[in-house]
Structure formats: structure tokens, C-alpha cells
Amino acid sequence: MSGDASRTPDRSQIDSLSRAQARSAALAKRELGNVWAEIADWEPARQRDALLELVPAIIDKYADTSSVAAAEWYQRVRDKWISDDFKARTPVKAHDDISKLIRANAGVLFGDDADPGRMLRFLNAVVDKGVKQGGRDTIRYNAKRDPKKPRYARVPSGARTCAFCAMLASRGWVYESAETAGAMSEYHPDCDCEIVPSWDKDRPSVEGYDPEKLYEDYEKAYKAAGDNPTVEDVLAAMRSQPGKYTDGRLVPVKVPKDWKQPHAQNEDRLLSMKGLADVTDEEWYRRQERAGVPHSVDTLYPQEIVFLERFQNLGNHVEWIPRDKENATATNDFRWIETNELCELKSMAKADFGKIADRITKAVRSAKENHDVVKDCFVIDIGQAKRKDKLVHQLERYNDREWKIRRLFIFDGEGFSEIKLK
């Protein structure tokens, strides 16, 4: 058992570290989104030069936040079992050559077949990885300098992880060395693994983390991959197992016979639904399952499925809140895991302030007056349309209305960003 008995952080403590790292990354990606909105109309060369200057600065800023949070976490969990003069510290910054990465990928901003959305997705991934690296490096740095010489492990989050992370997590609890330093510094974008220290010399344990079983799975894949397999050969063998890893073969989704997809009134007019009229009921069923909301939890409208796909492609994670059909009580639509915000989604047929404001006001007032439910964080989805400066300025003053909200986000063809409410 993890916790006091094993001198190892328990799952709730690890989750608190994950939330802190995810918050830092989410704030960084939000700032990137604001930068992206500012430079959207610039010439490609000028956009590239701005990104070369601003993206490394964003990563440094929030990697510092991530690093400080990790040092405070290390000190806090260590103090549960050890009383001495050790003080956790943040290490000297070390990250990839971000400018080189940006230059290498900036070609998608130029030419007739330019794809700015692809560049933004790439930058979100780079920012997520760079910011979280600050926290991971801090845990390893303090484990190395800690006189009590703790071991540490790469601990995945969630019921399943990707094959790459499962392979590295199978190393179990190790001491700092040149070999482990290499393994513990390899991460993919949006990776939710954490470096977890343990001061238990005998048998450290964390709920849901079984390195012996992970290593057994790795060995089976190694043997199945043929003679003298490469790392990629082994990973391919691991991914060939349906449903076992998040990046492996999907378990085929069985669509119920005669499934009828529910549709919202005037759905075809919604900006986020343009070009999707030919999607079949069976495909909507599969897309919802792939978006991570089983039909046993709730049945979503197509515009909600489309939103989740786009939102998760930016590296965000969502816990969908099922509709209360039994009591007809108002609920928010989802919990944004990185920020722990309860959010209400509004998919719009027109990027018009009056219509957006009316829908927000109606939702806030109805939830409070009829069900005593607070709705104060809204996401406005206008599909691939482009927000205009006038709309942004109008939304900034939404709280001039009687029914006020706390946070407001807009999702358009150029990304996801927060409106700074006055």
C-alpha cells in the first residue's frame, strides 16, 4: 500500500502534482492562443519571427511555474517521513532548442497550401512538453541531491497509457544514473506521466502502478517482435494488442442495430457543423466513443462530439458531465481537467455578440433560478469562422449585463483563447 506505510506518495498526492503541472501547461497554451490571435493577420515571415521570440519566452515563464510547484510538492511529501535540513530547489533551466524546432516547422505558414492550424497544433504540443519538463526535471534533480537517496519511478496516469510510456514505466523504481536520466527525459506531447520519488528501501508501491506487470507485458512483446528487435519493433508489437494501449489498435466499436443519432434543432446552421451533413448515424456513434464519452455515460449531439474532437486535439482532457435526465436538473457540460473548471458549451450559428450574450444569460439565469446551479465558465464554439476584433471587444464587456460570469473562452478556426472579461 502506498502512503505512510511505504514512505511513497500515494495516488492522491501524485494526482495533485499532475494537476499542478497540467495547470501550468494550460496557462501556457492559453497565452500561446492569445499570441496566435494577435499575429493571425500578419505576413508569414513576420509570424515566424514573432513565434521565434515569444514561444521560448512562454515556455520559460511557465516551466518556471511548473518547476516551483514540483519543488514545493517534493518538499511537502518528503516532510511527511523525513525531518532534516534538506530543502528542495529548482534546477538550472534546460530545454530543447525551441527556436530550431520552430524554424524547422514554420514552412507550413507559407505558400498556397499554407496550413496555420497545423503550426498551432505543433506549437501547442511543444509548449505542453516544454512546460511540464520543468516539473519533471525538478523532481529528478532533487532526488539526485537528496541525502536520503530516494529511488524514483515514471508513473503513468489513468487506466491505460501509451505503449512508449508503458515501456519506460516498466523499469520500476530506480536510482539516478546516466541510463535512467535518458529514459526519464523522454516524453511525448501531452504525456501525463509523473516522476515519483520513494524513500521506501524495500517495496515502494503506488495504487494502479505495477511495474512488474508492465515489464512482463514488455517481455512478451519483445519476444513476439522477432530476432534482435529494435525499440520500434517492440513498440509495434505492444500496439498490436487491441485496446491495451491508448495508441494501439482500437477495439472495434459495435454500433447497436438501427441506431438513430439524436440531432439538435437547426443543427445544420451551426458554424461548427459545416461540411458534416453527410456523416452517418453509425459514424457519429463511433466518433463519440473515440472522443472518450461512452454511450453508457451520455448520448451527445454531433456539435458536442465535434467540439470534443477539436478541443482534445489541442492537448486538453475532458470529463463529460452526463445530463440529469431523471430529475431534469441543469448541469454544466464538462469539467476541463487541466484547469478543473466546470464549463458550459455553446455552439453558435452566427458569430454575433447579441446572440452569444443572450444564450449565456439565459443559461446562467435558468440554472440559478430553477435549479440553484452555478454556470459561470462558458466556451463559445464558432467552428472554423474567424473571430473579429469587434466581437472580442464586445465579449470583453459581457459582464455589463445583470447575470455575470467568471470566465469566457472562444473557439474558432484559429484556436482556443480566453476572453479577458472587464
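Since the model is a prediction, treat every value here as computed from it, not as a measurement.
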> For the residue pair Phe334 and Trp320, categorise the inter-ring angle as parallel (less than 30°), tilted (30 to 60°) or perpendicular (more than 60°).
parallel
> Does Arg46 count as lying over the ring of Trp42, i.e. NZ or CZ under 6.0 Å from the six-ring centre, within 45 degrees of the axis?
yes
> Test ring pair (Phe, Tyr, Trp, His ring centres under 6.0 Å) on Phe409 and Trp336; report intermediate values, then the result.
CA-CA 12 Å; Phe409 298 86; Trp336 181 4; 5.3 Å; yes
> Would you say Tyr209's side chain and Ala169's backbone share a donor-acceptor pair under 3.5 angstrom?
yes
> Check for me whether Arg407 meets the cation-pi criterion with Phe378, that is, NZ or CZ under 6.0 Å from the six-membered ring centre and within 45 degrees of the ring axis.
no
> Name the one of Val155, Thr138, Leu17, Ile139 that satisfies side-chain contact (heavy atoms from CB on, under 4.5 Å) with Ile195?
Ile139
> So does Lys404 get a backbone contact from the side chain of Asn399, meaning a donor-acceptor N/O pair under 3.5 Å?
no
> Does Arg136 make a cation-pi contact with Tyr141, if we ask for NZ or CZ under 6.0 Å from the ring centre and within 45° of the axis?
no
> Check for a donor-acceptor pair, side chain of Arg323 on one end and backbone N or O of Thr299 on the other, with a separation under 3.5 Å.
yes
> Check the orientation of Phe307 and Phe311. Use parallel for under 30°, tilted for 30 to 60°, and perpendicular for over 60°.
parallel
> Give a yes or no answer on whether the side chain of Thr361 reaches the backbone of Ala357 with a donor-acceptor pair at less than 3.5 Å.
yes
> Taking the six-membered ring for Trp, is the centroid-to-centroid distance between Tyr285 and His295 below 6.0 Å?
yes
> Give a yes or no on whether the backbone of Asn124 and the side-chain of Asp128 come within a donor-acceptor separation of less than 3.5 Å.
no
> Can you tell me if CG on Asn266 sees more than 12 non-hydrogen neighbours from other groups inside 6.0 Å?
yes
